[in-house]
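Notes follow once the structure below has been shown.
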Amino acid sequence: MPVFEPVDTSLKFPEAEAKIAALWKDQDVFQQSLKLREGRPTWVFYEGPPTANGRPHPGHVLTRVVKDLFPRYKTMRGFRVPRKAGWDTHGLPVEIEVEKELGLSGKGDIEKYGVIPFVRKCMESVFKYTADWENLTEKIGFWIDLKDAYVTYHQSYVESVWWSLKKLFEKDLLYKGHKVLPCCPRCQTALSSHEVGLGYKDVEDPSVFVTFRAEDWEASKTSFLAWTTTPWTLPSNAGLAVKADTEYAHVKVGDETLIMAAALVEPVMGKLKHEVVKSEPGSALVGRRYLPLFDWWKGAPGEREKAWKVCAAEFVTLDTGAGIVHIAPAYGADDYALGQREGLPVIHLVGPDGRLKPDCGAFAGAYFKDADKDLIKDLRDRGLLLKRENYKHPYPHCWRCDAALILYAREGWFIRTTREIGRVIENNKKIQWLPEHIRDGRFGNFLETNIDWALSRERYWGTPLPIWVSEDGAHMEAVESLKDLAGKPGVEGLDAFEKAQAADPGLNTHLRVHKPWIDAVTYLAPDGKQRMKRTPEVIDCWYDSGAMPFAQWGYPHAQGSLDQFTQAFPADFISEAIDQTRGWFYSLLAESTLLFDSAPPPHPFKTCVVLGHVCDEKGEKMSKSKGNYIDPFGILAEEGADALRWFFYSSNHPWTSSRFSRGNVREAQKEFLLKLRNVYSFFVIYANIDGFDPSGGRGPDFQRYRRGGRPLPERGQLDRWILSELHQTTSGVRQRLDDYDIYGSAQQLNAFCESLSNWYLQRSRERFWRPWRGEDRLHDDDKDKLDAYWTLFECLVNFAKLIAPFVPFTADELWQNLVRRPLGNAGAPVPKPSDSGATVVNLDKFARVPESVHLADYPTADPQAVDCALGEEMALVREIVSLGRNVRAAQKLKVRLPLAKVVLVLADAEKTDIVRGHEEVLREALNVKQVEFARMAEQYVSYKVQPNFKLIGAKYRDLVPKIKQALKDANASHLKGKFDSDGCCVLRVDQKDVLLNQEEVEITIQAKEGYAAAGGRGAVVVLDTHLTPELEAEGFARELVNRIQNARKDLDLKYEQRINLAVKGSPRMEEVARAFGEYIRRETLATELRVGEMPEGWRTFDVDAEKEIGTLGLLAE
RNA sequence: GGGCUCGUAGCUCAGCUGGUUAGAGCGCGUCCCUGAUAAGGACGAGGUCGGCUGUUCGAAUCAGCCCGGGCCCA
């Protein structure tokens, strides 16, 4: 049995992932990872509850993979990271979904159908797609505790919410007020913004300029000119708004004076004869009073004094109208908000049915749309209309009945967030937002323009508002639980639910805190006469989700909830998409700030990673109706979870919207996961062939060696280099993850994978192929070979740990095969970096082997293993090789053909010795016999001396362009000579001597034309293209080896299969085969090489190399 | 209309507090390598860094205005 399970490179990723998923399930690895960290500090994660009444889409995948990454990472860093799932179950979307399903339309239908069955349907529908969600969660490897999820309709959750609302009520932060909502006068119901969006239509409305006479009209004949497209709101006018920082003109028309924005005088007046007599800023108008157009509204005592005055408002624009806006707080959101701020009364002269109220004289009972015409006529008759036009604009209509909507101030319950918004803003400032601009940008602005939270909904399926009101409305009380209710005087109706349940045992017990059963509970009012009844509304479901920090534990009612809550408050980390700024992010922050005065900010979350939208290939929002929707389950089934995860981590920062497509996922997979799997597979193939066993316990071969390979200083450059890269990557990734920089850490991982595959392995292959020299493995070559194994082994094992939070399946697959399989027996050691740095893998320090990589510690970087100088050297060497290949390509000289020498000219001649230290790697990579260095190499190269702008700029400022020119004009070779000998040079610039030292310039070299050469920043590489018969023969031999290898592949021979080999062909071919016989046999694992004959029964292959023709014969031994 | 955000190669995106030859991957073209083989590598073409104006010795980077896309709100 091989030490390592051979890697099936044709294996589909999803199959391998399914195996790992099964392993996690069998061993309950997630729970183990929690148990393992028992007693350690807790790192708190809050799950933003999704609604499960729709199928998950790709955006949910992004959210979930980001939510999964950091808890996994923090767990490996030694924290205990409980992850309680949650479900958002209330709200209008659920009701609408059920309405659709039942073919109902509007509240009337629901009442007819029956609230009880409707609510039951809502509850059932909530988990309609639960199976899909759980499937997705499991498939993408999102570790979260689904069994212990919080559910917003559960009794304990609802009672927690009640408790919090009672607290707000007691602090006078919960009150009854008005809110302007788009309503359908026919259906008599408010519409959600989503519904409004469905019904926009272009209509033509009258647009009128109306004059509001100033209070002193009799004396001054002055009035304010305002514009509106809704004449029916004019009787309900309560104020006028101007822009404070804009000029307003007094315009004389006839014997009257009109006040209007100076900038709009010409467009409004047109041909009308007029004269501007004076102008003043808008701020000067503020506070002036005027006479109402229709004096129908009487108002309560003292109310009339508050109405009909000029206010300043930000929203006044000079695009249309007269620069003065008519304000009807009952029929406009801006109007209402301004009215609240300025203390204007809410004048309601239109009923919810759209008809003018009885107060309206002759107009009483008119439908608002029909009233427009007559109202205008009335104004004109009374000389209050300047002019009338028509205005085409989009206007919302009811998507059900097509009636024009009216914006209507309705009664409702509000949270007085505006009172505490300063504290909310302070709290927000302490939160770490990613990207940062959310804090003061989108979210900060939102907070700055905060209005009170409209909490109540006149619907059925939601947390009931726990306010009980006396019949005359004089007493109000908030209730925090059923128990609280039960203690009320003269309570009745608590048994309503029990009775219902007795009649229908299928009734879910959690429904006892819901409508309509809870509405049956009444009790005696403090006056001892009236009954206290619950106000009928339910609450906004966003309040539910914002309550999760405490409500998920049933705090404060549930036993032990105080501890649970305090331990998990505030959260270290949350993450959701950008659309949650006004949703969950706000509800969390607002509730926490209002409820927990004494908690030090920030709370209830410290860090928030805000995610962008997942778009289609063209960058457009995905939607099922557009047909550009990509089903994540399809990609999970084909490409696999890790590919999907890696795509989201590595394609861009998570807050930029990503273009999601199968092609893009495959690309990400190819670049990283496939490359990694190839390296892993390579290791397994050769480790198995050579019997490399990290446990050291299998057979005598490794007993004599110190397990873990030679100490670092004794290993070769390549090994030390890749281990240095590994440890640098380790610290880089740790640091970036600590900073929540997903994209940055993914790039680091990508880069290491590239280095490992394209350079370390590429250059080390020979060490893996090479046979052992001696049984005792004491030969230097054998020690070096063992080092190669240990080095690659350590890279793979550590890398598996590094990538574990990102691609948990792949990571564990590597771990299971590379670590668990050979080392997993009881008592066997687990690789752990030493702290001495003497050896990087020190098996003496091994402890128990975790069953899964996710139970391991995240790797620490050993600073002693990091060798920055070596890293720079290797970068230069890689550049040289790249340049050399460039030359070969240009000269059409295959790498197989050996060349006599390469001449290197380094930009920095001091690096000669360093590069010479890598001579062997260079010789092999470029396939040359000799590496030479040319110091004064003017025949090949020319120099270019440029200023180091950063230094020169700071020092010489505006002299810089002249210095640049002077350096350009000077003889570059001469300058270089100067710098080489003196370390500085003197330039004549602007009649002054400027002394430049070595650091202040940058000397680069370029290859001269006409040579087989190529140049980069660090070096020029010149190839000796002169071919000798010996070189050509060797090249030919390599061609032969290549053909033989291809033949081996055709025969599908095992890597270690030995063969007998025959070569018969042209005289030159046979001659080369003889001359390089040993080399050919070694490279192709041929025990025997016959030249010039072709034994019977051997498999033959025609060859054609360098225009020589022949036949190869192979026979497996 | 307001706020936020983005605009860099055919495509997807990097590019920190300004430093003069703007990078990567994919795609395309030309090759190479192959005992990792339904992989891998090199090279090349391709860019007015959305536009304009300014600040500066120097701008993809900073400021202002404009144009265009996206999101949120009205």
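Just so it is clear: chains get the letters A, B, ... in the order the sequence lines come, proteins before strands, and each one is counted from 1. Atom set for the values below is all heavy atoms of this structure, side chains included, hydrogens, waters and symmetry mates excluded.
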Establish, yes or no, whether a centroid distance under 6.0 Å links the rings of A:Phe692 and A:Tyr686. no

Tell me which pairs pass salt bridge (charged side-chain N to carboxylate O under 4.0 Å, His left out) where either residue lies in residues 665-675 of chain A, with sequence neighbours left out. A:Glu639-A:Arg666

Can you find a donor-acceptor N/O pair under 3.5 angstrom joining the side chain of A:Arg765 to the base of B:rA36? yes

Which of B:rC13, B:rC71, B:rG15 is nearest the side chain of A:Tyr743? It is B:rC13

Rounding to an integer number of angstrom, what distance separates B:rG27 and B:rC73 when you compare their C1' atoms? 40 Å

Extract from the structure each pairing of a protein N or O with an N or O of nucleotides 54-59 of chain B at less than 3.5 Å, listing the distance.
unit_1	atom_1	unit_2	atom_2	d
B:rC57	N1	A:Arg957	O	3.3
B:rC57	N4	A:Arg957	NH1	3.4

Listed by chain and number, what are the side chain to side chain donor-acceptor pair (under 3.5 Å) partners of A:Asn758, not counting sequence neighbours? A:Glu754

With rounding to the closest Å, how many angstrom separate the P atoms on B:rU48 and B:rC57? 28 Å

Students often get this wrong, so: under 4.0 angstrom with heavy atoms, is A:Leu674 touching a base, only sugar-phosphate, or nothing? nothing

Whole-angstrom distance between B:rC33 and B:rG40, as gauged at atom C1': 8 Å

Starting at atom CD of A:Glu754, determine the distance to atom P of B:rG25, rounded to an integer number of angstrom. 8 Å

Less than 4.0 angstrom between a side-chain N/O of A:Lys243 and OP1 or OP2 of B:rG1, yes or no? no

Rounded distance in Å - CD1 (A:Ile685) to C1' (B:rA39): 11 Å

Figure out the CD/P separation between A:Gln762 and B:rG35, and round it to whole Å. 11 Å

Any base atoms under 4.0 Å from A:Lys962, or only sugar-phosphate, or nothing? Heavy atoms, all strands. nothing

In whole Å, measure the gap between the P atoms of B:rC66 and B:rG1 for me. 11 Å

Tell me which nucleotide among B:rG19, B:rG40, B:rA36 gets nearest to the side chain of A:Lys950. B:rG19

Residues two or more places apart in sequence or in another chain: which of them pass side-chain contact (heavy atoms from CB on, under 4.5 Å) with A:His437? A:Pro435

Heavy-atom neighbours of A:Glu448 CD exceed 12 at 6.0 Å: yes

Partners passing side chain to side chain donor-acceptor pair (under 3.5 Å) against A:Glu1034 (at least two apart in sequence or in another chain): A:Lys929

Under 4.0 Å, heavy atoms only, any strand: does A:Thr581 hit a base, just the sugar-phosphate, or nothing? nothing

A:Asn678 vs B:rA39: side-chain N/O to OP1/OP2 distance below 4.0 Å: no

Looking at residues at least two apart in the chain, or sitting in another chain, which of them share a side chain to side chain donor-acceptor pair (under 3.5 Å) with A:Glu924? A:Arg763

Ring centroid separation for A:Tyr331 and A:Tyr408, is it under 6.0 angstrom? yes

What stem regions, each of at least 3 consecutive Watson-Crick or G-U pairs below 3.5 Å, can be found for RNA chain B? B:1-7 with B:67-73, B:10-13 with B:23-26, B:28-32 with B:40-44, B:50-54 with B:62-66

B:rG68 and B:rC52: how far apart are their C1' atoms, nearest whole angstrom? 15 Å

Test side chain to side chain donor-acceptor pair (under 3.5 Å) applied to A:Glu766 - qualifying residues, sequence neighbours left out: A:Arg770

Mind checking A:Ile963 for me? I need base, sugar-phosphate or nothing, with any heavy atom below 4.0 Å counting as a touch. nothing

Selected nucleotide, minimal atom distance to A:Ser882 side chain, candidates B:rG41, B:rG25, B:rA42: B:rA42

Quick one, give me the B/S/- string for nucleotides 3-10 of chain B, reading 5' to 3', where B means a protein heavy atom under 4.0 Å from the base and S means that only happens at the primed atoms, P, OP1 or OP2. BBS-----

Select one nucleotide: of B:rG40, B:rG35, B:rA42, the one nearest the side-chain heavy atoms of A:Trp769. B:rG35

State which residues pass salt bridge (Lys or Arg N to Asp or Glu O under 4.0 Å) with A:Lys1054; sequence neighbours excluded, sorted by chain then number. none

Could you check which of B:rG25, B:rC72, B:rA39 has an atom nearest any side-chain atom of A:Arg582? B:rC72

Choosing from B:rG35, B:rG40, B:rA36, which nucleotide comes nearest the side chain of A:Val679? B:rA36

Taking ring pair (Phe, Tyr, Trp, His ring centres under 6.0 Å) as the definition, give me every residue that meets it alongside A:Phe446, ordered by chain and number, with sequence neighbours left out. A:Tyr586

From CZ of A:Phe585 across to P of B:rC72 the rounded distance in Å is 14 Å

Flag yes if more than 12 heavy atoms outside A:Leu674 fall under 6.0 Å of its CG atom; otherwise flag no. yes

Using the C1' atom on both, measure B:rC49 against B:rU8 and round to a whole Å. 4 Å

Just call it for A:Arg439: base, sugar-phosphate, or nothing, with non-hydrogen atoms closer than 4.0 Å on any strand. nothing

For this output row, return yes or no: ring centroids of A:Phe768 and A:Phe683 closer than 6.0 angstrom. no

Determine the interatomic distance between P on B:rU20 and the same-named atom on B:rC11; round to the nearest Å. 27 Å

Looking at residues at least two apart in the chain, or sitting in another chain, which of them share a ring pair (Phe, Tyr, Trp, His ring centres under 6.0 Å) with A:Phe443? A:Trp433

Calculate the interatomic distance between A:Lys1049 atom NZ and B:rC33 atom C1'; express it in whole Å. 12 Å

Whole-Å gap separating C1' (B:rG41) and CZ (A:Arg763): 11 Å

Does a donor on one side chain and an acceptor on the other come within less than 3.5 Å for A:Tyr1079 and A:Glu1083? no

A:Lys1054 NZ - B:rG35 P separation (whole Å): 19 Å

Any donor-acceptor N/O pair under 3.5 Å between B:rA39 base and A:Ser681 side chain: no

Checking only heavy atoms, does the side chain of A:Gln1045 share a donor-acceptor pair with the base of B:rG35 at less than 3.5 Å? yes

Choosing from B:rA14, B:rC26, B:rA36, which nucleotide comes nearest the side chain of A:Asn652? B:rA14

RNA chain B nearest-nucleotide lookup for A:Glu667 and A:Glu1083: closer to the 5′ end is A:Glu667

By nearest-heavy-atom nucleotide on RNA chain B, the more 5' of A:Ile578 and A:Leu756 is A:Leu756

Separation of B:rA42 atom P from A:Ile880 atom CD1, nearest Å, is 16 Å

Say we look at B:rA36 and B:rA59: how far apart would their C1' atoms be, to the nearest angstrom? 47 Å

Just compare B:rG27, B:rA36, B:rG25 and give me whichever is closest to any side-chain atom of A:Glu671. B:rG25

